[in-house]
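Written out below as structure tokens is the structure these notes cover.
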Amino acid sequence: MRTLTVDLAERSYPIHIGSWMTEAPELLAASIAGSQVLVVSNETIAPLYLAKLTALLPAELMVNELVLPDGERYKNYETLNRIYDNLLENSHNRTTTLIALGGGVIGDMCGFAAATYQRGVNFIQVPTTLLAQVDSSVGGKTAVNHPLGKNMIGAFHQPKAVLIDVSTLQTLPPREFACGLAEVIKYGLIADPVFYKWLEENLDGLLAGDVEKISYAIDRSCHNKADIVAQDEKEAGVRAWLNLGHTFGHAIEAFQHYRHWLHGEAVAAGMVIAGELSRRLGYIDEADCGRICSLLSRAGLPTKAPGDMTVDDFMQRMKVDKKNRNGQLRLILLQSLGQALISDDAPPEEIAAAITACQ
Ligand code: NAD
Ligand code: GLY
């Protein structure tokens, strides 16, 4: 087991990484303060892990379970309301603890329910996708989607603990694993050149399911994320780096109505466009762009934008990005391979040229 800390003064919390369900099951009870628990999961994950998790809860706790439908399209107010319904029907009070057992969809939605139920209750993240283990379970961003925009209704609400059991990845479909790798690669690109090189040398091991290597990649990713979140919890500055490729990626997801490419796939293509724009603006060179494309492609991720999207399709959707201020597009670019920068003044013609070059 490895343990990291997200350092946020009185709201600090641990991230435990390992096969904790079998090797350190006491970590779950140690993270619960009150006598009531609601475990929230979905129809895919519950048959695999719900009984295993609830068996680890002390017998004296009142435990309710809620199994939601699976999918990004259910990350909305209606499904969120089912969490509130369950809490109220079972008389959960302010000392209750919500446990999010699942990927980023369950984690974000359960976290938002915890942020708002009776003005805020405790919650624990038990992430089961690679993407959730390296990104969404850490840092306290919680949300549901609105018909007019992804993650538009949400709150910052930090969990009490993040309990990562790497063995849950054994049942994760390879396409979902690759999406998590997109976010892992992102950490190397924005802040950790040594880790980027390690990824280039060890990607085959990660794809082959080498548990030691996967645990190390999760550890290093969480370390990078925890460090950035500790500096800038509410995204006034450096936390925006975590959005490398996301502005272009969200445009792709929105264009496709969240139906075709997965989030990590859209982010991968977005990172290629961000790299190309960084090259055009003189920050990185062609060899760096080649290294980005090569690693993403080896991970099984797209390195080209969808051919049926015009520059205008991108621009229209990028206008509503949460990072924008006063109508100004804010992009995360690369100063070098392993060092991000925030750009508020990339010329529109260069953005357009970068998109076109990546199609
Ligand atoms: P997801 O939660 O939809 O999970 C992907 C699929 O894998 C689902 O079908 C799920 O049921 C299945 N699954 C999960 N764990 C499994 C396992 N161990 N075995 C078999 N199947 C399993 O998607 P995701 O990629 O985990 O998360 C994407 C969501 O996370 C998006 O809604 C995105 O907005 C959000 N997100 C949030 C943050 C944040 O900081 N809060 C960061 C990144 C992404
Ligand atoms: N995934 C972006 C963030 O947590 O800020």
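Every number for a ligand or one of its atoms is a count from 1 in the order of the listing. Count residues from 1 along the sequence.
A salt bridge links Lys197 with Glu201: the distance from a Lys NZ or Arg NE/NH1/NH2 to an Asp or Glu carboxylate oxygen falls below 4.0 Å.
In this structure, ligand 1 sits under 4.0 Å from heavy atoms belonging to Asn42, Thr44, Ile45, Leu48, Tyr49, Asp70, Glu72, Lys75, Gly103, Gly104, Val105, Asp108, Thr128, Thr129, Leu131, Asp135, Ser136, Lys141, Lys150, Asn151, Thr168, Thr171, Leu172, Pro173, Glu176, Lys225. Near ligand 2, residues Asp135, Lys141, Lys225, Glu235, Arg239, Leu242 each place a heavy atom inside the 4.0 Å sphere around the ligand atoms.
Between the side chains of Asn76 and Thr79, a donor-acceptor pair is found at a separation under 3.5 Å. Asp165 and Ser167 form a side-chain donor-acceptor contact under 3.5 Å, judged by distance and modelled atom types alone. Counting only N and O atoms by type, the side chains of Thr171 and Tyr49 include a donor and acceptor under 3.5 Å apart.
Looking at residues two or more places apart in sequence or on another chain, you find a side chain to side chain contact (heavy atoms under 4.5 Å, CB included) between Asp308 and Phe255, Pro306. By the ring-ring contact (aromatic ring centres under 6.0 Å, His included) test, Tyr216 pairs with Trp198, sequence neighbours left out.
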Next item on the list: May I have the step-by-step check of salt bridge (charged side-chain N to carboxylate O under 4.0 Å, His left out) for Arg2 and Glu212, ending in yes or no?
Entry: CA-CA 11 Å; Arg2 308 161 196 239; Glu212 258 315 299; 3.3 Å; yes
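Annotation: His223, atom NE2; neighbour count of heavy atoms from other residues, nucleotides and ligands within 6.0 Å does not exceed 12.
Under a hydrophobic clustering in which Ile, Leu, Val, Met, Phe, Trp and Tyr are joined whenever their side-chain heavy atoms come within less than 4.5 Å, directly or via other members, Leu4 and Tyr187 fall into the same cluster.
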